[in-house]
Protein chains: 2
Amino acid sequence: MKPAHEVFFEYLKDNGLNMTPQRLVILQSFLDMEGHFTSDQLYRKVKKHDPAIGQATIYRTLKLLLDSGIADCFDIGDGVSLFENSYGQDHHDHLICVRCRKKIEIVDEAIEKRQEQIAEEKGFNITNHRLLLYGICPDCQAKAEKEEDE
Amino acid sequence: MKPAHEVFFEYLKDNGLNMTPQRLVILQSFLDMEGHFTSDQLYRKVKKHDPAIGQATIYRTLKLLLDSGIADCFDIGDGVSLFENSYGQDHHDHLICVRCRKKIEIVDEAIEKRQEQIAEEKGFNITNHRLLLYGICPDCQAKAEKEEDE
DNA sequence: TTAATTGCAAATCGTTTGCTGAAAG
DNA sequence: CTTTCAGCAAACGATTTGCAATTAA
């Protein structure tokens with residue numbers, strides 16, 4: 001499989017867009033990020049390499065990354081978009097702790113299959129989906145019990 | 001099962017909150033709404049009964065409705081919260097058309113069960129969940145085909 | 001040369017909050 | 001009386017946009 005940056009380069013070329021130093025720095029920082037992150041977290045990482053880059057450029061470039069297919073974006077209801085590097089990754093869903101906001105990725109073939117069936121029954125042509133399971137993680141359950149003792 | 005408005009009244013009493021004419025109008029309008037709606041849509045309905053009520057009161061009362069358990073809220077990634085009357089309703093998930101934004105409710109026992117299993121495996125204590133299936137609805141598929149012919 | 005791109009600041013938009021007067025219990 | 005509430009306008013915070021200057025091709 002061709003590397004992620006190449007996919008992005010080709011995307012730019014195919015759409016008559018230019019490669020710029022800013023886009024390169026953002027792309028590299030993006031690929032270096034781990035797990036889920038906000039636009040602002042990426043912005044802070046980018047600033048370390050080039051402090052002159054502005055927030056707007058981050059937002060604009062994130063849109064290109066999404067469009068080129070190497071990034072993915074979702075919203076867990078906190079009013080912020082979460083991004084991740086999705087290139088070459090299996091689709092996954094998320095378990096989210098409502099207390100500490102920890103996120104755990106899950107992959108489940110059975111659910112994926114069933115979703116497709118449902119969509120088909122309704123005549124929908126599914127493009128993507130999002131499954132969010134909210135709950136209390138083991139750590140926070142332990143903490144909650146401790147607090148009750150006090 | 002006791003009626004929704006009674007649940008709300010008791011919720012207020014149990015929490016030392018007052019019943020007010022505004023809250024009553026908002027409650028009634030809320031119960032009259034169909035399907036999913038935004039805070040603003042509820043606001044417009046409320047205004048017909050009492051034009052003096054402000055947006056802030058709608059937001060504050062919606063929070064009480066959520067808290068009392070008769071309302072539910074979710075976010076499909078449009079930057080607006082969607083509310084619905086959830087009292088006495090089965091949990092359901094949503095198929096969302098990415099073209100016309102139509103929303104179809106789905107209920108699927110198999111997926112619900114599987115989710116619980118996954119959560120248990122990870123030691124999570126699930127409080128709620130959200131499944132969003134994005135795709136193109138039959139109507140929009142037909143429209144898209146027509147457009148291609150042109 | 002010329003269309004694309006940047007950074008900045010101002011604009012958006014949904015939602016929240018501080019404040020002051022009014023009303024509920 | 002003593003909270004709780006309401007309405008208003010201002011504040012907020014994430015994201016977008018207009019603009020004038022700069023740069024890639």
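A note on names: the letters A, B, ... follow the listed sequences, proteins ahead of strands, and every chain is numbered from 1. Values in this document were obtained by computation on a predicted structure and should not be read as measured data. All heavy atoms count here, side chains included; hydrogens, waters and symmetry mates do not.
Residues T38(A) and T61(B) both approach DNA chain D. Their nearest nucleotides, taken by heavy-atom distance, put T61(B) toward the 5′ side. Toward the 5' end of DNA chain C, the nearer of the two residues L82(B) and M19(B), judged by each one's closest nucleotide, is L82(B).
Residue I58(A) contributes atom CD1, which lies 12 Å from atom P of dC8(C) at whole-angstrom precision. Regarding R23(A), its CZ atom lies at a distance of 6 Å from the C1' atom of dT5(C), rounded to whole Å. Summarising the geometry, the separation between CD1 on I53(B) and C1' on dA22(C) is reported as 15 Å, rounded to the nearest angstrom. Rounded to an integer number of Å, the gap from Y11(A) OH to dA4(C) P is 13 Å. If you measure from atom CG of D50(B) to atom P of dA22(C), you get 17 Å, rounded to the nearest angstrom. Following rounding to the nearest Å, Y43(A) (OH) and dG7(C) (P) show an atom-to-atom distance of 9 Å. Between the C1' atom of dT6(C) and the CG atom of N18(A) lies a distance of 12 Å, rounded to the nearest Å. L24(B) places its CG atom 12 Å from the P atom of dA24(C), with the value rounded to the nearest Å.
Nearest heavy atoms, F8(A) versus I70(A): CB-CD1, 4.2 Å. Closest heavy-atom contact between Y43(B) and G54(B): CE1-C, 3.8 Å.
When DNA chain D is scanned 5' to 3' for any atom under 4.0 Å from a heavy atom of chain A, the first and last hits are dA14(D) to dA25(D).
Contacts between residues 62-76 of chain B and DNA chain D, counted as heavy-atom distances below 4.0 Å, involve no residue at all.
The phosphate of dT15(C) has OP1 or OP2 within less than 4.0 Å of a side-chain N or O from S81(B). OP1 or OP2 of dT6(C) lies within a sub-4.0 Å distance of a side-chain N or O belonging to T20(A). For dT16(C), neither phosphate oxygen OP1 nor OP2 lies less than 4.0 angstrom from any side-chain nitrogen or oxygen of Y59(B).
A donor-acceptor distance shorter than 3.5 angstrom exists from the side chain of Q141(A) to the backbone of G123(B), with no hydrogens or angles considered.
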Test salt bridge (Lys or Arg N to Asp or Glu O under 4.0 Å) on D67(A) and K63(A) and set out the steps. CA-CA 6 Å; D67(A) 225 48; K63(A) 234 172 230 153; over 6 Å; no
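Salt bridge present: D72(A) and R130(A) bring a charged side-chain N and a carboxylate O closer than 4.0 Å. Ion pairing between K45(A) and D32(A) fails under the 4.0 Å rule for side-chain N and carboxylate O.
In summary, the side chains of Q41(A) and R44(A) do not present any donor paired with an acceptor at a separation below 3.5 Å, with no hydrogens or angles considered.
Around the NZ atom of K113(A), the shell of radius 6.0 Å holds no more than 12 heavy atoms that belong to other residues, nucleotides or ligands. Annotation for E34(B): atom CD does not count as buried by contact number, only 12 or fewer foreign heavy atoms lying within 6.0 Å.
Among the atoms of the strands shown, none is found under 4.0 Å from any heavy atom of P51(B).
Counting only residues at least two apart or in different chains, ring-ring contact (aromatic ring centres under 6.0 Å, His included) contacts with residues 72-92 of chain B comprise H36(B)-F74(B), F74(B)-H94(B), H91(B)-H129(B), H92(B)-H94(B).
Side-chain proximity of R60(B) to the nucleotides dT5(C), dG18(C), dG7(C) is greatest for dG18(C).
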